[in-house]
Amino acid sequence: MRKLRNRKDSPVEKNFVSESEEVMSNSSCLNRIYKKVMNDGLSEEASVERAEDIKHICESFKILPKSAILLAYIMERNSRPCDDEDLADYLGCTNIEFLSFSDALDELVDNNIITANSNNRTTYTVTKEAVKAISGDCEFEPLKTVGLTNDDIFTRFRMLVSELRTDHISEIKFLSEIDKLIEGNQQLLFCKKAFESELYNSECTETERRIFYYLAHRYVSHGDSGVEVDTLMNLVEFMEDDARLKRYISNERTFIQMSGLIVFDNKDGFVNTDKLALSDAVKKEWFADMELICEEQNLDKNLILCDSIKEKELFYNDAEKEQIERLTSLLEEENFQKVRGRLEEEGMPKGFTVVFHGAPGSGKTASLYQIAKKTGRDIYFVDLSETKSKWVGESEKMTKQIFATYRKLARTRKKAPILAFNEADAVFNKRITNVENSAEQMLNAVTDIILNELETLDGILIATTNLIGNMMGGKDNAMERRFLFKVQFNTPSEEVRAKIWKSKLKHLSMEQCMTLAKKFELSGGNIDNIARKSTIEYVLSGEYPSLEKLMDYCEAETITKTKKVTRRVGFTA
């Protein structure tokens, strides 16, 4: 049996223990229960000695003593989910003796205090609501399952999908939680229709119900008309034959297809057998009382309109200023069309691909916005988290979808928008030469897609990065060759820094600005932070901070600032 390490020599530990003995909070009680049982096992003496702590937890969570004792260990191990064998070891009993605690585990699960994650083995973690009650020292309030609104229902659906994707709940738990919500909220049209539909016919499998509810979630929450069949296969239980289910889907032999609840996706008159969608009847009848995201709104969800961008004065070193002005001129619509036409005549790629690289806070993203503003172009800003997925094949599909969406926007808008990737090194990677696992294989597949899209781009792409070495350099210069313009942003010179100081804090004299510029080698982003602190001070006290106070702010701003050597890559604009 494992023992806690003896740390009696530590004054911090002594103070913590002596203090915690006096406090009857959820966290301190669970801590004392855990330590006692971990040291001595679940003996009668341990139960008596910790009786007040156990009683406190029982009252806070409305559970029995056995459940409180288990909760202490599961909470301690929450970052590393535990299983039945771990709990038996903690209690100092055999696995057979531990069977008597099954009711206690069921109580914790049924009351939504812990989650049982059943994949290869059942493991337990404490729910967010229970953690909140423990850390906040308040009575536990489980999530409501009745009297919900449509927004509540689909917010819960999103939470369950997220927990399923991250393996925090099993496919079985995912469906049981949804069934509970559907049954308990018959006042809502969607729940009423679902409960009275063929979904609960004995011929409808649990996987088919999961597929239907996942399609409903994507339709309501994201405006997606259809979802790839391969994505839906992730809803299949561990031992289920997914190949058989795919055959049934392709032949339209699943119960939810034959009953008219779902169909193959149909867009622009073309049926896509690789995607499933809710039927038109379901869309029309089940969601009549909801305001939904239309597909066009969803397409443009990452679109930043030119008119919404505020004009802002930026200051550059001479080299960067010349390159930014030239690039802005090239992207003026008249020049842009002339250049594209000439490139096409010469049989060259027509796309404008640009990378801004340099230190953090040096104005890369701000410059992108101001170029868009001055040239009258919208920005399609990519959320890089959308391209990351642990599900095999998903990252590649999402990457392709980003470029497909941009092509549609470029065709339908008066001026081609700018496709913008911030911190692009997260996906614009050098190819890995010695691939050792599926993750590296997936990264190379995404890189190949991006290289191909850059080669055939008909529009404008601007990527920004602080880590150009992750994108380019070395033997594989394929990514480097795909970028037509490469603009390096260096730390602003003293003169430029003084201008930035003056533009941000107009009450300073030019002499004071030069003093700050000479003393502190800060980026525009750093200066912006200090200017905001100065404004906050003015709002609170009615006076601007003195020059000495501003220097203190500068010192604080440079605590984590480290100098990095950067080098110019490729040709400049």
Side-chain angles (χ1 to χ4, degrees), residues 267-268 270 296 299-300 302-306 309 322-357 364 367-382 387 396 398-422 424 427-428 430-431 445-465 468 471-472 476-488 568-573:
K267 186 173 283 189
D268 300 327
F270 296 96
E296 192 62 33
L299 176 69
D300 297 353
N302 294 333
L303 193 66
I304 300 170
L305 300 179
C306 170
I309 301 172
E322 181 183 348
Q323 293 176 79
I324 294 297
E325 287 179 349
R326 179 161 178 73
L327 184 59
T328 304
S329 176
L330 283 170
L331 296 184
E332 293 286 353
E333 185 64 9
E334 185 177 350
N335 293 335
F336 178 68
Q337 292 300 339
K338 283 181 181 178
V339 172
R340 285 179 76 252
R342 186 58 184 269
L343 289 171
E344 189 172 17
E345 288 174 9
E346 299 292 334
M348 299 178 181
K350 297 183 293 182
F352 278 66
T353 50
V354 185
V355 60
F356 291 166
H357 63 98
K364 300 181 294 296
S367 296
L368 189 162
Y369 274 80
Q370 291 310 302
I371 288 173
K373 181 69 174 176
K374 290 176 181 178
T375 58
R377 300 186 185 279
D378 301 329
I379 301 174
Y380 183 57
F381 214 103
V382 175
T387 68
E396 295 96 311
M398 290 176 181
T399 303
K400 288 179 180 178
Q401 186 59 45
I402 286 168
F403 286 95
T405 301
Y406 176 72
R407 284 193 291 272
K408 181 172 181 178
L409 288 170
R411 287 195 310 268
T412 57
R413 304 195 104 70
K414 188 175 180 181
K415 292 182 179 180
I418 296 171
L419 176 57
F421 287 84
N422 204 25
V427 289
F428 285 64
K430 293 181 287 189
R431 283 176 293 202
V446 171
T447 299
D448 288 339
I449 291 168
I450 290 172
L451 290 171
N452 182 63
E453 293 288 355
L454 291 177
E455 188 73 22
T456 59
L457 182 76
D458 187 6
I460 305 159
L461 181 148
I462 300 180
T464 71
T465 179
I468 193 68
M471 291 175 58
M472 304 177 184
D476 181 16
N477 65 350
M479 190 68 72
E480 185 173 339
R481 286 186 286 106
R482 294 305 195 280
F483 282 95
L484 183 61
F485 300 114
K486 305 169 185 71
V487 182
Q488 182 173 358
R568 190 177 300 277
V569 177
F571 299 100
T572 57

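Just so you know, these numbers come straight off a predicted model, no measurement behind them.
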Sorted by chain and residue number, the salt bridge (Lys or Arg N to Asp or Glu O under 4.0 Å) partners of Glu344 (sequence neighbours excluded) come out as Lys350
Sequence neighbours excluded, the answer for side-chain hydrogen bond (donor to acceptor under 3.5 Å, both in side chains) partners of Gln370 is none
*Are any non-hydrogen side-chain atoms of Ile324 and Phe356 less than 4.5 angstrom apart?*
yes
* Given side chains that start at C-beta, do those of Val487 and Val355 come closer than 4.5 Å, heavy atoms only? -> no
Taken in chain and number order and not counting sequence neighbours, the residues that satisfy side-chain hydrogen bond (donor to acceptor under 3.5 Å, both in side chains) with Glu333 are Gln337, Arg377
Could you tell me whether the side chain of Phe485 reaches within less than 4.5 Å of the side chain of Gln323, counting heavy atoms only?
no
- Query: For Glu480, does its backbone N or O pair with a side-chain atom of Lys486 as donor and acceptor, under 3.5 Å?
  - Reply: yes
Heavy-atom donor-acceptor pair, Thr375 side chain to Ile371 backbone, under 3.5 Å
yes
Phe421 versus Ile402: any side-chain heavy-atom pair under 4.5 Å?
yes
Sorted by chain and number, sequence neighbours left out, salt bridge (Lys or Arg N to Asp or Glu O under 4.0 Å) with Asp448 holds for Arg431
Any side-chain heavy atom of Ser329 within less than 4.5 Å of one from Asn335? yes
Shortest non-hydrogen pair, Thr447 vs Val427, comes out as OG1-O, 4.4 Å
With sequence neighbours left out, the residues meeting side-chain hydrogen bond (donor to acceptor under 3.5 Å, both in side chains) with Thr353 are none
Checking Arg407, Arg482, Lys400 against Glu453 for salt bridge (Lys or Arg N to Asp or Glu O under 4.0 Å), the one that qualifies is Arg407
Closest non-hydrogen atoms of Ala372 and Ile309, given as atom of the first, atom of the second and distance, are CB-CD1, 4.0 Å
Check: Any side-chain heavy atom of Phe403 sitting closer than 4.5 Å to one from Leu461?
Finding: yes
The ring pair (Phe, Tyr, Trp, His ring centres under 6.0 Å) partners of Tyr406 (sequence neighbours excluded) come to none
- Query: Do Ile418 and Phe381 have side chains that get closer than 4.5 Å, going by heavy atoms?
  - Reply: no
Sequence neighbours excluded, the answer for side chain to side chain contact (heavy atoms under 4.5 Å, CB included) partners of Glu334 is Lys338
Heavy atoms of Gly376 and Cys306 approach each other most closely as CA-SG, 3.5 Å
ring-ring contact (aromatic ring centres under 6.0 Å, His included) between Phe352 and Phe336: does it pass, once the steps are laid out?
-> CA-CA 9 Å; Phe352 278 66; Phe336 178 68; 5.3 Å; yes
* **Lys373 atom NZ: more than 12 heavy-atom contacts under 6.0 Å** => yes
**Message:** Tell me if a side-chain donor or acceptor on Lys364 pairs with a main-chain N or O of Thr464 at a distance below 3.5 Å.
**Reply:** no
Side chain to side chain contact (heavy atoms under 4.5 Å, CB included) filter on Leu305, not counting sequence neighbours, yields Leu303, Ser308, Asp378, Arg413
Can you list the steps and then say if Phe428 with Val446 is a side-chain contact (heavy atoms from CB on, under 4.5 Å)?
-> CA-CA 8 Å; Phe428 285 64; Val446 171; over 6 Å; no
To the nearest 0.5 Å, atom CG of Asn422 lies from atom OG1 of Thr465 at 9.0 Å
* Give the C-alpha distance, both sets of side-chain angles, the deciding distance and a yes or no for side-chain contact (heavy atoms from CB on, under 4.5 Å) between Ile460 and Leu331. => CA-CA 9 Å; Ile460 305 159; Leu331 296 184; 3.9 Å; yes
Correct closest heavy-atom pair for Glu455 and Pro349 would be O-CB, 3.8 Å
Taken to the nearest 0.5 Å, the spacing of Leu484 CG from Leu330 CG works out to 9.0 Å
